[in-house]
Amino acid sequence: MPELPEVEVVRRGLLPFTAGAHAGRLDVLDPRSLRRSPGGEESLRAALDGRLLGAPMRRGKFLWIPLAEAGEAAVVVHLGMSGQVRVDDATRPDPPHLRLRLPVIAADGREAELRFVDQRIFGGWWLDRLVTDPATGERIPTTAAHIALDPLHRQFDPDAVHDRWRRSRTRLKRALLDQSLVSGIGNIYADEALWASRLHPERRTATLSRAQGHAVLTAAATVMERALAVGGTSFDALYVNVDGRSGYFARSLNAYGRTGEPCPRCRDEGRDGVIVREAFMGRSSHRCRRCQPRPRT
DNA sequence: AGTTCCTCCTGGTTGC
DNA sequence: TGCAACCAGGAGGAAC
């Protein structure tokens, strides 16, 4: 499932094929991938055709490609649950679940196709307008303007997040997944950050000390940086980079997807903690029963 | 106004 | 064996 590290891997892969590249005619194989694009297929195609593209940008899980000759516009690319952007030679056969195809001529003259593949169609592309984010001065699409800074952003401020947590009545895992409080974290890295900081997903955020708030946010940043360094987390063919290759971080996960296995930390320290899986807000949560005990209510 | 729930989707897995 | 129900979850918007 694409979260911040996986989206960043895609952004880096796209860079040589968008920055200074020219777009061709967009081919829409499934209009549901343009559900969020105002004006639909026609508007997006008109905005892209023949246009000079800029360097792809990212905040949290949102990725966008600025349209260089119109400093006000960008194409937002969201991978949703199962989205991929592949850079392929046009002669290669269409992969399954291909939804969108955009021919490009890169700045160095190479020709390629950007192929949006999305099995579950939770992701999509849409045309958006760029506005200035008052907090950072950055240009950002209107549909991402409400998204908080992510833990890998230069100006990310854990104290500000902790302050908001202190004033909220919500629980920690929900707060980690709320993209308007801190962005980029999904179910996998939330469980990993909670495990690393020994905190229970249902802990009330208002009861967290500043040190605990820092611990879980630092853990999120660390685990996402480590995942990024090895190409992200792939469980199956649902997440791959622009060349179609999987990331290697799944083998480094300590809690997510490890139901019934010994907790690695407990095992190292001679205890017998086991990873359990529990439903929480309609999602599965994985934690060590021993070192992430349920808080007293 | 803050918080929770539902919906959008497909394909692999589970259960009868 | 076959088919239905269930599960995975990012994010927006409805509902409370």
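A, B, ... follow the sequence lines: proteins, then strands. Residue 1 opens every chain.
- Of the side-chain N and O atoms in A/T170, one or more sit less than 4.0 angstrom from OP1 or OP2 of B/dT4.
- For A/H78 and C/dG9, the NE2 to P distance is 15 Å, given to the nearest whole Å.
- Distances shown here put a side-chain N or O of A/S168 below 4.0 Å from the OP1 or OP2 atom of B/dT3.
- In summary, the side chains of A/T143 and A/W126 do present a donor paired with an acceptor at a separation below 3.5 Å, with no hydrogens or angles considered.
- Under the 3.5 Å distance criterion, the side-chain polar atoms of A/D133 are left unmatched by any main-chain donor or acceptor of A/R139.
- Counting to the nearest Å, the P atom of C/dG10 and the CG atom of A/L177 are 7 Å from each other.
- The distance from atom CG of A/L63 to atom P of C/dA11 is 12 Å, rounded to the nearest whole Å.
- Ranking C/dA11, C/dG9, B/dT4 by closeness to the A/F62 side chain, first place goes to C/dA11.
- Within 4.0 Å of A/F280, counting heavy atoms only, lies no atom of the nucleic acid at all.
- The shortest distance between the side-chain N/O atoms of A/H146 and the OP1/OP2 oxygens of C/dG12 is below 4.0 Å.
- Between A/R32 and B/dT10, a side-chain N or O to OP1/OP2 separation shorter than 4.0 Å is present.
- Here the P atom of nucleotide B/dT10 and the CD1 atom of A/I121 are 5 Å apart, to the nearest Å.
- One can place CD of A/E202 at 11 Å from P of B/dT4, the figure rounded to the nearest angstrom.
- Look at A/F122 and the base of C/dA11; the rings do not stack under the cut-offs of 5.5 Å between centres and 30° between planes.
- Under the salt bridge (charged side-chain N to carboxylate O under 4.0 Å, His left out) criterion, A/D163 pairs with A/R210, sequence neighbours left out.
- Side-chain atoms of A/R35 never come within 3.5 Å of backbone atoms of A/G124 as a donor-acceptor pair (strictly under, hydrogens ignored).
- In terms of polar N and O atoms assigned as donor or acceptor, the side chain of A/R283 comes within less than 3.5 Å of the base of C/dG10 in a complementary pairing.
- For C/dA8, the base has a donor-acceptor partner in the side chain of A/R120 [N/O atoms by modelled type, under 3.5 angstrom].
- Contacts of A/F249 classified as ring-ring contact (aromatic ring centres under 6.0 Å, His included), with partners at least two apart in sequence or in another chain: none.
- Side-chain N/O atoms of A/R35 include one lying less than 4.0 angstrom from OP1 or OP2 on B/dC9.
- The nearest heavy atom of DNA chain C to A/S284 and to A/W126 marks one nucleotide each, and the one closer to the 5' end goes with A/S284.
- Put simply, A/Y256 has a side-chain N or O that comes within less than 4.0 Å of OP1 or OP2 on C/dG9.
- Proximity of A/Q119 to the phosphate of B/dG11: no side-chain N or O atom is located under 4.0 Å from OP1 or OP2.
- To the nearest angstrom, C1' of C/dG12 lies 14 Å from CE of A/M281.
- Classification of A/E278 and A/R287 as a salt-bridged pair holds, one side-chain N sitting under 4.0 Å from a carboxylate O.
- Regarding A/L98, its CG atom lies at a distance of 15 Å from the P atom of B/dT10, rounded to whole Å.
- Place A/R169 and A/R99 on DNA chain B by their nearest nucleotides, and A/R169 ends up nearer the 5' end.
- Counting to the nearest Å, the P atom of C/dG10 and the CG atom of A/D191 are 10 Å from each other.
- The shortest distance between the side-chain N/O atoms of A/H97 and the OP1/OP2 oxygens of B/dT10 is not below 4.0 Å.
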